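Any value given below was found using the heavy atoms of this structure, including those in side chains, with hydrogens, waters and symmetry copies removed. Predicted, not measured: the structure shown is a model, and the values here were computed from it. Chain naming here is simple, since letters A, B, ... match the order of the sequence lines and numbering starts at 1 in each.
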Protein chains: 2
Amino acid sequence: MTFPSDLQIARSAALKPLTDIAAEMDIGPHLLEPYGEHVAKIKLKAIDELADRPAARYVVVSAITPTPLGEGKTTTTVGLGQAMRRIGRRATVAIRQPSMGPTFGIKGGAAGGGYSQVVPMETLNLHLTGDFHAVTAAHNLLSAILDNHLFQGNEAGLDQHAITWRRVLDVNDRVLRNVIVGLGTHTDGIPRQTGFDITAASEVMAILALARSLSEMRRRLGRIVIGYTDDRRPVTAEDIGGAGAMAALLRDALKPNLLQTCENTPVLVHAGPFGNIAHGNSSVVADLIAIHAGDYLVTEAGFGADMGAERFFNIKCRASGLTPDAAVVVATVRALKAHSGRHHIVAGKPLPEALFAENPDQVHAGGANLRKQIENIGLHGVTPVVAINAFPGDHPSEHAAIAEIAGSMGARAAVCTHFADGGAGATELAEAVAEAAQEPSAFRYLYPDDAPLRDKIETVARQVYGADGVDYDLAAARQLDAYERNGFGRLPVCIAKTHLSISSDPTLKGAPTGWRLPVREVRASVGAGFVYPICGDMRTMPGLGTRPAAHRIDIDAEGNIVNLS
Amino acid sequence: MTFPSDLQIARSAALKPLTDIAAEMDIGPHLLEPYGEHVAKIKLKAIDELADRPAARYVVVSAITPTPLGEGKTTTTVGLGQAMRRIGRRATVAIRQPSMGPTFGIKGGAAGGGYSQVVPMETLNLHLTGDFHAVTAAHNLLSAILDNHLFQGNEAGLDQHAITWRRVLDVNDRVLRNVIVGLGTHTDGIPRQTGFDITAASEVMAILALARSLSEMRRRLGRIVIGYTDDRRPVTAEDIGGAGAMAALLRDALKPNLLQTCENTPVLVHAGPFGNIAHGNSSVVADLIAIHAGDYLVTEAGFGADMGAERFFNIKCRASGLTPDAAVVVATVRALKAHSGRHHIVAGKPLPEALFAENPDQVHAGGANLRKQIENIGLHGVTPVVAINAFPGDHPSEHAAIAEIAGSMGARAAVCTHFADGGAGATELAEAVAEAAQEPSAFRYLYPDDAPLRDKIETVARQVYGADGVDYDLAAARQLDAYERNGFGRLPVCIAKTHLSISSDPTLKGAPTGWRLPVREVRASVGAGFVYPICGDMRTMPGLGTRPAAHRIDIDAEGNIVNLS
C-alpha cells in the first residue's frame with residue numbers, strides 16, 4: 001500500500017461549513033464574508049469585537065537552518081494546531097499565503113502535507129481570494145503613476161536614475177528581472193531601465209502583513225519611498241498621488257482568509273511577504289483577531305530561527321504589540337545530518353544513500369545548528385520547544401540524539417508524526433508547547449527603536465548570527481548615513497542574507513564562527529517600516545527550471561485540478 | 001437640489017440577498033458560490049440544469065457610432081432590464097466586466113449610471129471576483145513558459161523574431177507598450193523586444209468570453225498560437241506545455257458573476273474582451289445560463305452596431321449557437337448633432353454651447369449614422385428598436401426627429417429616461433422591444449464559415465461599413481495567405497478599425513461613402529477563434545492622462561471608497 005498523495009488526502013478531507021469553523025473561534029457569521037464554498041474573509045471589526053475575550057497563548061513555529069530536504073515547518077504548524085484539540089485546547093493556525101510563482105515552478109504548493117494540511121489546497125495555492133492579485137494591482141498602479149509623473153513633466157523632480165520602485169508579477173519569470181521600458185515613440189513614455197520582482201517581494205505585501213488597521217495601512221502606503229530627487233530628498237507614494245487609489249485596491253485584501261485543516265482546525269491564511277528581503281511572516285491583522293479566538297494561536301515564521309523568528313520578534317511583534325509565549329524549533333534527523341557537512345545534497349537530485357544509515361553521532365555533529373537556533377529563541381526571552389519531525393527512515397537512536405541536544409540547551413523536545421498521523425501524531429509536542437507557554441514570558445526585543453541602524457545590524461549579526469562583526473561597503477555606509485539623516489533610523493532592520501546558513505555564506509553549515517557579515521548595500525521599505533541591509537546576492541524574481549510544475553498541472557474531464565502538489 | 005452622484009445612488013440602493021436574485025432566474029442556492037456579500041459565481045452545471053426551461057428572448061443593445069459625449073449604452077442595457085419587470089416580464093442583464101485600467105484613468109467605472117446601475121459599483125469596478133486577475137496570471141504564465149522555453153534550449157525551434165505572444169497587465173501604463181526583457185547576465189534569460197497589452201486585450205480574455213464549457217476552454221487555450229518556427233510553422237500553447245496550467249488558473253474564472261441592478265434585476269457580469277482587437281462582448285457561458293432564466297436576456301455589445309453588434313452576430317452567436325430576437329440601437333440628440341459634423345467635441349473639454357440649442361434639423365443631418373446602424377442590424381435578419389436616451393437639455397422636437405429617422409427605416413423607437421427614473425423611465429422601450437422580439441427571427445450570419453478570409457473581410461467592409469472595397473498592404477496579403485495555408489481560414493473575422501466612425505477614418509462622421517478599407521496587417525487569435533485584420537493604429541495599452549482618476553480615488557475614515565465614478 002502506498003501512502004496517498006497530498007492532493008488525494010486533501011480531497012478526502014471532510015470539510016465543515018466555515019460558519020462552524022468560525023464558531024470555534026467565537027466568531028459569528030456576521031463577521032464572515034464567504035468567498036467560494038470553503039473560504040471566507042473575516043471582517044476587520046472582529047478585532048474590536050473579540051478584544052475583551054481572554055488572550056490566547058501565542059506560539060511561533062520556527063526551525064533549524066533549512067536544507068533542500070525540507071524540514072516540514074508548515075506541516076508541523078498545522079499538525080500542532082490539530083494536536084491542540086486532541087489535548088483539549090482550542091487552537092487557531094495562522095500562516096502565509098503561498099506565492100503562485102513557486103506553485104508553477106519547482107517547489108509546488110505550500111499547504112502543509114500528508115494528514116497535516118490546509119484545505120482546499122487547490123484554492124489555497126491558486127488565487128485564494130485574490131489578495132496577491134490586489135497587491136500586484138496596487139503596486140503596478142503606483143508604478144504606472146510614477147512613470148506617468150515623469151512623462152507629464154516630473155513635477156516632483158525625481159532623479160530618473162534614483163528611482164527605487166519597480167514592478168511586480170506573481171510568476172517565476174527571469175526575463176523580467178531587468179527590462180527597459182518606454183521604448184517606441186514620444187507618446188510611449190520616457191525610456192528607462194527597471195525590472196520586475198515577484199509579488200511576494202513587493203513592499204505593498206509587507207505593508208499588508210504589518211498594518212494593524214485599514215487607516216494605518218493607508219498611512220503606510222503614503223510613506224512608501226519610490227525614489228529620490230536630484231538633491232537626494234525621498235519622494236513618496238503620497239507625493240505623486242498614488243496612495244489613496246492603492247488603498248482602495250487593497251481594502252478587501254486586508255481582511256484575513258479563513259480556511260481549515262483536514263481535521264477542521266481553523267486556519268487564517270493571510271499575506272505572504274518574501275523571506276529574502278522582507279520579514280516573511282503572515283499578517284498582523286490575522287494575529288490580532290486570532291489572539292482572542294481560542295486557547296492557542298500557532299503561527300509560522302519563514303526560514304530558520306535566525307531569519308524568520310528573529311524578524312517575527314523584532315519586526316512583526318513590534319508592529320502588532322503582541323507578546324509570544326513559546327517558540328517551536330522544527331528539526332529532522334536528515335537535516336541535522338546534512339548540517340554535519342558530510343553530505344552533498346542538491347535540490348531535485350536523489351538523496352545520498354548514506355543519509356539513511358543509522359548514525360546518531362552524525363546527528364550530534366550537525367547539532368550545533370539546532371543549539372544556536374534554540375539560543376536565538378532564548379535571546380528574545382521566549383521558551384523554546386524542539387519538534388522532532390519524524391520521517392519513515394529515521395532511527396529511534398537518532399531521535400534520542402536530537403532530544404539530548406535540546407535537553408543540553410534546557411529545551412523541551414517531542415517526536416512527532418503528524419504528517420502520517422495528523423493531530424494524533426503531535427499530541428506530545430502539543431503538551432510540551434502548552435507547558436512551555438505556561439512559563440511567564442520574558443519576551444524582549446533584541447534592540448531598542450532608538451539605537452542607530454549600525455548598532456541594530458551589529459546586534460543581530462553578533463548575537464543571532466554569531467558573526468565577529470560587520471563590514472560595510474562604501475555604498476552601504478553612505479546609504480545608512482542618508483537613512484539616518486532622512487529619519488529612517490528608528491526603523492527595525494531586516495537583514496537580507498542567505499537562509500541556507502546562519503552565516504552569510506550559504507555553503508557553511510552548522511553554526512559558523514570566525515566570520516564577519518559583509519553589507520553590500522542597504523535599502524529601505526519605509527512604508528512597511530524596516531531598513532534592509534543586503535548581504536549577498538538576493539534574488540527577488542525566481543525563474544522556471546527545466547521541468548517546471550506548470551508543464552504537468554492541468555484540469556481533468558470533471559474540471560478537477562490535477563498534479564498540483 | 002442637485003442630482004445625486006452615481007456612487008451616492010449606488011450606496012442608497014436596497015440590495016436583496018443574492019439567493020433572492022438568483023431565485024428570480026430559477027437558480028437555486030446550490031448553484032451559487034458567494035464571493036463577498038453582494039456577488040456570487042454561478043456554477044457551470046446551471047447550463048445543463050436549466051436547459052429544459054423555456055428560452056428567453058435574446059436582446060442585444062448596440063448604439064450609433066460613439067462620440068465623446070457618451071450615449072449611455074450600459075445605462076440603457078440596465079434600464080431596459082429594469083423596465084421589463086415594470087411591464088410584467090422577468091429579465092436578466094448580461095454585461096462585460098469593466099477593466100481597472102480605465103477605472104483609474106480618465107474614463108471612470110462602467111456600471112451604468114444614475115438610477116440604472118449595477119451594484120455594488122465599487123466591487124464591480126475593482127477586482128470583482130478576480131476573473132481579470134486570473135486572465136492576467138494565465139496569460140503571463142504562458143509568457144514565462146515561452147521565455148523559459150527559449151532559455152532552456154528552444155526545442156520547438158521558435159523564431160525569436162516571430163513571437164506574437166506578449167504580456168498583459170490590467171493598468172493604463174504606456175511605458176509597457178514596448179519593452180526589452182532578459183537583460184542582465186546569462187542566468188537572466190534571452191534578451192528580446194516585446195511589450196505589454198492591457199488585460200482586456202489578452203487572447204485569454206477572448207477565450208474566456210467565447211468558451212462554451214471548461215473542456216472547450218481547455219482546448220481553445222491549447223490552440224493559442226504564440227509564434228512561428230524558423231520555417232513558419234505555428235507554435236501553440238499546447239506545444240510548449242502551457243495550456244493545462246492556464247486552464248487550472250482559469251477554472252473558477254469561467255463561472256459568471258451574479259450581481260443586481262439598483263432595482264434588484266439580476267445581472268451577470270462576465271469577461272471583458274477589448275473592443276478594439278477582440279469581439280468586445282460579455283461571455284457565452286453567462287448567456288447560455290441566462291437564456292433559460294427568464295422571459296428576456298438583455299446583453300450589450302461594445303461600440304456602435306458596425307463593431308460590437310456585427311461581432312456579436314458573427315463571432316459570439318457562432319460560438320454560442322444562440323439566436324438573437326431583437327437589437328436595440330441607442331441614440332441621443334447630442335450624439336446625432338455631433339454626427340452632423342457641425343461641432344468640434346473633445347473628450348474631457350467643455351461642450352460647445354450650440355450643441356444645446358433646439359435644432360431638429362441638425363439631428364436629421366446626423367441621422368445618416370443612425371440609419372446605417374439600423375440597417376446593419378437588419379442585415380443580420382434581426383429586428384431593430386431605437387432607444388432615444390433622453391438628456392436634460394433635449395427638446396421634444398429633437399426626440400421626434402430621431403423617431404422619424406427610425407420610422408423611415410421601419411424601426412420602432414421609444415424615448416427613455418431611465419438614468420433619472422430607473423426602470424420606470426424605460427417601459428415604453430421595453431414594450432417596443434417585447435413587440436419586436438415577438439416577430440419571427442430571420443437571424444443569419446453575414447458570411448459562411450467556409451468563405452475565404454478575403455471574402456469575409458470584403459463582405460463586412462462593403463455591407464456593414466459601406467466601403468467601396470478593401471486594399472491590402474503586402475504584409476497583410478501574405479499573412480492572409482499564410483493563415484489560409486495554416487487552416488485558420490474557416491475562422492470568422494474581427495476587423496480592428498476605429499470605433500469613432502463607421503469608416504476606418506475616425507474623423508468621418510455620419511455614414512461615410514466613397515472610401516476603401518485599408519488593411520495594414522492581419523493577426524490571428526486562433527484559440528479565441530477569429531482572425532483580425534488591422535486597419536489603422538490600434539492601441540492595446542492605454543496611458544494615464546494629466547489628471548487621472550487614480551489621484552482622487554481613496555478610502556475614507558470608515559473604509560469606504562471615495563471618488564470612484
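- To the nearest 0.5 Å, the span separating CG on Asn560(A) from CG on Leu214(B) amounts to 9.5 Å.
- In this structure, chain B has no heavy atom under 4.5 Å from any part of Leu254(A).
- Across every non-hydrogen atom of Ala245(A) and Ala550(B), the tightest pair is CB-O, 3.4 Å.
- The aromatic rings of His133(A) and His133(B) sit parallel to each other, their planes meeting at less than 30°, with 60° as the upper class boundary.
- Between chain A and the residues Asn140(B), Leu183(B), Ile553(B), the largest count of heavy-atom pairs under 4.5 Å involves Leu183(B).
- With chain A as partner, the option from Gly559(B), Ala243(B), Gly184(B) having the largest number of non-hydrogen pairs under 4.5 angstrom is Gly559(B).
- With a 4.5 Å cut-off on non-hydrogen atoms, Phe151(B) touches chain A through its side chain but not through its backbone.
- Proximity to chain A (any heavy atom under 4.5 Å) is shown, for Asp170(B), by neither the backbone nor the side chain.
- Val175(A) has its side chain out of reach of Arg192(B): every pair of non-hydrogen atoms, C-beta onward, lies at least 4.5 Å apart.
- Rounding to the nearest 0.5 Å places CD1 of Ile180(A) at 9.5 Å from CD of Gln193(B).
- Between chain A and the residues Gly101(B), Gly545(B), Ser213(B), Gly543(B), the most heavy-atom pairs under 4.5 angstrom are made by Gly545(B).
- Heavy-atom distances place both the backbone and the side chain of Ala247(B) under 4.5 Å from chain A.
- For Ala134(A), the parts lying near chain B are the backbone and the side chain together; criterion is any non-hydrogen pair under 4.5 Å.
- The shortest non-hydrogen separation linking Ala248(A) to Leu126(B) is O-CD1, 4.0 Å.
- Residue His186(A) qualifies as open at atom NE2: its count of foreign heavy atoms under 6.0 Å is 12 or below.
- Taking 4.5 Å as the limit, every side-chain heavy atom of Leu250(A) sits out of range of all side-chain heavy atoms of Ile555(B).
- Annotation: maximal heavy-atom pairing with chain A below 4.5 Å, among Pro34(B), Gly130(B), Gly189(B), occurs at Pro34(B).
- Contacts of Phe132(A) with chain B are absent, with no heavy-atom separation under 4.5 Å from either backbone or side chain.
- Looking at Leu176(B) and Val181(A), their side chains come closer than 4.5 Å, going by heavy atoms from C-beta outward.
- Note that NE2 of His149(A) is 13.0 Å distant from OG1 of Thr546(B), once rounded to the nearest 0.5 Å.
- Looking at Asn172(B), only its backbone comes within 4.5 Å of chain A, counting heavy atoms on both sides.
- Only the side chain of Arg167(B) comes within contact range of chain A, judged by heavy atoms closer than 4.5 Å.
- Proximity to chain A is absent for every atom of Lys45(B), based on heavy atoms less than 4.5 angstrom apart.
- Leu141(A) places none of its side-chain heavy atoms less than 4.5 Å from the side chain of Met100(B).
- For the pair His127(A) (side chain) and Leu249(B) (backbone), a donor-acceptor distance under 3.5 Å is present.
- None of Thr187(B), Asn148(B), Asp147(B) except one satisfies the side chain to side chain contact (heavy atoms under 4.5 Å, CB included) rule with Arg174(A); the exception is Asn148(B).
- Residue contact with chain A, scored on non-hydrogen atoms closer than 4.5 Å, involves the backbone of Ile240(B) exclusively.
- Among Leu150(B), Leu44(B), Asp554(B), the residue making the largest number of heavy-atom pairs under 4.5 Å with chain A is Asp554(B).
- In this structure, the portion of Pro548(B) lying under 4.5 Å from any heavy atom of chain A is its side chain and not its backbone.
- Note that CG of Leu169(A) is 5.0 Å distant from CG of Leu169(B), once rounded to the nearest 0.5 Å.
- Looking at Arg547(B), neither its backbone nor its side chain comes within 4.5 Å of chain A, counting heavy atoms on both sides.
- You'll find the side chain of Gln152(B) stays beyond 4.5 Å of the side chain of Leu544(A), heavy atoms only.
- The closest side-chain heavy-atom distance from Asp188(A) to Asn178(B) is below 4.5 Å.
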